[in-house]
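To start, the structure itself, in structure tokens.
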Amino acid sequence: MSEIKDYDVIVMGAGAVGENVADRAAQGGMRTVIVESELVGGECSYWACMPSKTLLRSGALLRAAQKVGGTREAVTGPLDVAAVLKRRDDMTSNWNDDGQVEWLNGAGIDLVRGWGVITAPREVTVTAEDGTVTVLRAKHAVAVSTGSAALMPDIPGLRESEPWSSREATSAQRVPVSLAILGGGVVATEMATAYAGFGTEVHLIARSGLLGGDEPFAGEMVAESLTKLGATLHLDSGVEQVERTDDEGFRLRLDDGTVLETDEFLVATGRLPRTFGIGLDAFGLEDGAWLDVDDSMRVLGADGRPVDGGWLYGVGDVNHRALLTHQGKYQARAAGDAIAARAKGRDVALEPWGAFVATADHEAVPQVTFTDPEVASVGLTAARAEKAGYRIRVVDYDIGSVSGAHVVADGYEGKARMVVDEDRKVVLGVTFVGQDVGELLHSATVAVVGEVPLDRLWHAVPSYPTVSEVWLRLLETYGRPEK
């Protein structure tokens with residue numbers, strides 16, 4: 001017999017996004033429950049952001065030390081890979097979610113473990129691992145925050161060979177002697193950087209250049225750096241067939257005839273929404289498809305209107321707006337607040353930059369790729385700005401020419417690009433490539449989101465000698481507007 005429990009809000013998925021939806025709804029006075037079939041904390045805490053950046057950090061620091069006279073001479077030993085893996089284990093709490101569950105309890109959010117399926121409007125039926133069934137009923141809303149999973153392309157022998165996905169790459173307990181990576185995006189380039197830094201023989205296979213969503217120079221600089229780290233790049237190439245070798249390794253045949261044999265094989269070619277088998281097809285939505293949402297994260301049907309009156313929300317990766325933890329959490333804050341406001345009969349306006357909308361998703365998304373050099377970007381690239389119809393001017397500057405960069409590293413190499421809307425004289429996008437440029441990004445994000453006029457940016461004086469002085473150099477290159 002099923003147990004029935006009543007709530008105001010049900011959140012499906014206890015990753016960082018679901019936790020934030022639930023928290024904002026609870027803070028708004030909603031009695032909230034969260035459903036999770038795996039670990040509370042989700043992909044980011046255990047298999048993505050936190051473990052991957054931890055694996056990258058030690059190598060980045062070692063290489064940074066080797067670029068500065070004084071520390072270069074002091075740091076003579078190799079990377080302690082075992083210690084790096086141990087630190088990664090600590091960062092993931094050894095894949096134990098007790099701490100995250102404690103946080104839920106403290107926030108007044110109930111937890112039901114198991115696989116949730118939407119079985120009726122505002123109703124989720126949860127089946128636990130032991131077969132126990134719990135029916136949850138929501139008075140106001142159900143939010144789907146189940147995230148995404150690794151995409152496995154249709155390559156002969158691939159699925160049968162059981163390659164690594166990003167999960168196995170970030171949770172590995174040993175470092176392979178050799179590793180092939182299929183893909184040219186963020187996961188592929190970051191893991192290539194990490195494992196090459198560990199001393200693994202890395203082969204990176206990509207259909208085109210690296211980091212195709214960024215400015216072209218970003219991928220070019222990362223490719224050059226990976227080569228210097230010892231990785232072999234197979235660009236403009238793909239995998240035709242995969243098979244296991246007798247020693248449990250992998251044999252890959254590339255479409256140019258090259259045959260590679262490696263200990264492990266990581267497939268990092270994209271993501272799929274985890275919306276399969278959760279009951280969405282009963283509401284006119286495609287099972288396993290991305291969810292179309294409005295700016296308050298209500299799921300929209302084929303007619304462009306909120307599904308079934310607007311009780312269903314899709315937050316985070318599932319809506320395919322920006323597959324980034326920070327952007328999903330931003331959406332979650334908007335959605336949780338909107339759910340609580342609507343429950344109280346308040347008007348929820350969808351005008352841009354309001355309290356209940358995720359406007360930044362459209363043209364102001366920040367992202368850092370933790371390769372070496374780092375790639376930090378926000379807003380539109382030059383190509384995307386032109387495609388969107390803006391009249392633009394592109395301003396480039398060599399970050400290594402800034403005094404602060406000379407302090408940071410001997411022979412600092414980096415590049416900055418500012419994309420300016422020539423009609424409004426505001427910044428549409430910024431890209432930085434170089435050591436530690438991730439810490440520059442929020443200044444660019446404020447400039448883009450705030451649509452700060454260039455003549456006002458002249459009065460945002462960068463401290464000397466910091467790398468942030470690149471802002472002044474970009475403005476000088478553009479030229480001071482005449483008043």
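The environment of Gln173 atom CD is dense: over 12 non-hydrogen atoms of other residues, nucleotides or ligands sit within 6.0 angstrom. Surrounding CD of Glu162 are at most 12 heavy atoms belonging to other residues, nucleotides or ligands under 6.0 Å away. Counting heavy-atom neighbours within 6.0 Å of Glu451 CD, excluding the residue itself, gives a total above 12. The environment of Glu243 atom CD is dense: over 12 non-hydrogen atoms of other residues, nucleotides or ligands sit within 6.0 angstrom. Atom CZ of Arg424 sits in a crowded spot, with more than 12 heavy atoms from other residues, nucleotides or ligands closer than 6.0 Å.
Between the Thr381 side chain and the Arg384 main chain, a donor and an acceptor come within less than 3.5 Å of each other. Looking only at distances, no side-chain donor or acceptor of Asp97 sits under 3.5 Å from a matching main-chain atom of Gln100. Side-chain atoms of Thr359 come within 3.5 Å of backbone N or O of Trp353 as a donor-acceptor pair. Side-chain N or O atoms of Asp294 include one that pairs as donor or acceptor with a backbone N or O of Ser296 at under 3.5 Å. Put simply, the side chain of Ser237 never gets that close to the backbone of His234: no donor and acceptor are under 3.5 Å apart.
Taking the side chain as every heavy atom from C-beta outward, Pro121 and Trp311 approach each other to under 4.5 Å. Using a 4.5 Å cut-off on side-chain heavy atoms (C-beta onward), Val40 and Trp103 make no contact. With contacts defined as side-chain heavy-atom distances shorter than 4.5 Å, the pair Phe217/Thr431 qualifies. Inter-residue side-chain proximity for Asn20 and Val17 is flagged as unmet; no heavy-atom pair is nearer than 4.5 Å. By the 4.5 Å heavy-atom criterion applied to side chains, Leu111 and Val101 are counted as neighbours. Considering only heavy atoms from C-beta on, Val84 comes within 4.5 Å of Phe198 through its side chain. At least one side-chain heavy atom of Leu56 sits less than 4.5 Å from a side-chain heavy atom of Glu190. Between Ser52 and Met191 the shortest side-chain heavy-atom distance falls below 4.5 Å.
Note that the CG atom of Asp292 and the CZ atom of Arg321 stand 9.0 Å from one another [nearest 0.5 Å]. Here the OG1-CD1 distance, from Thr200 to Ile181, works out to 9.0 Å after rounding to the nearest 0.5 Å. The CD atom of Glu374 lies 12.0 Å from the CZ atom of Phe432; values are rounded to the nearest 0.5 Å. To the nearest 0.5 angstrom, Asp110 atom CG is 8.5 Å from Asn105 atom CG. Between the CZ atom of Arg87 and the OG atom of Ser58 there is a distance of 5.5 Å, given to the nearest 0.5 Å. Expressed to the nearest 0.5 Å, how far CD1 of Ile278 lies from CD1 of Ile118 amounts to 5.5 Å.
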Requested in this report: Tell me, with the steps shown, if Ile10 and Val35 meet side chain to side chain contact (heavy atoms under 4.5 Å, CB included).
Outcome: CA-CA 8 Å; Ile10 302 168; Val35 178; 4.2 Å; yes
Report task. Quick one: do Leu285 and Val307 satisfy side chain to side chain contact (heavy atoms under 4.5 Å, CB included)? Show the steps, please. Result -> CA-CA 9 Å; Leu285 302 169; Val307 169; 4.1 Å; yes
Query - Trace of the salt bridge (charged side-chain N to carboxylate O under 4.0 Å, His left out) decision for Arg207 with Asp255 - result: CA-CA 10 Å; Arg207 279 288 182 192; Asp255 53 16; 2.5 Å; yes
**Report entry** salt bridge (charged side-chain N to carboxylate O under 4.0 Å, His left out) assessment of Asp337 paired with Arg333
**Finding:** CA-CA 6 Å; Asp337 289 349; Arg333 294 189 290 271; over 6 Å; no
Query raised in the report: Checking salt bridge (charged side-chain N to carboxylate O under 4.0 Å, His left out) for the pair Glu43/Arg167: CA distance, chi angles, key distance, verdict?
Result: CA-CA 8 Å; Glu43 202 79 12; Arg167 283 196 170 196; 2.8 Å; yes
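Taking all atoms of both residues into account, the shortest heavy-atom contact from Val11 to Ser145 is CG1-OG, 4.4 Å. Closest approach of Val126 to Leu136, counting heavy atoms only: CG2-CD1, 3.9 Å. Considering all non-hydrogen atoms of both residues, Thr92 and Pro51 come closest at CG2-CB, 3.9 Å. Looking at every heavy atom in both residues, Arg24 comes nearest to Gly336 through CB-CA, 3.8 Å. Contact between Ala335 and Val315 at its shortest, heavy atoms only, is CB-CG2, 3.9 Å. Nearest heavy atom pair, residue Val202 against residue Ala196, reads CG2-N, 3.7 Å.
Within the cation-pi definition used here (under 6.0 Å to the ring centroid, within 45° of the axis), Arg31 qualifies as a partner of Tyr7. By the 6.0 Å and 45° rule, Arg244 stacks over the aromatic ring of Phe250.
In summary, the side chains of Ser178 and Glu264 do not present any donor paired with an acceptor at a separation below 3.5 Å, with no hydrogens or angles considered. Ser148 and Arg271 share a donor-acceptor pair across their side chains, judged by distance under 3.5 Å alone. For the residue pair His362 and Asp295, a side-chain donor N or O sits within less than 3.5 Å of a side-chain acceptor on the partner. For the 3.5 Å distance criterion, the side chains of Asp372 and Ser225 fail to qualify, holding no donor opposite an acceptor.
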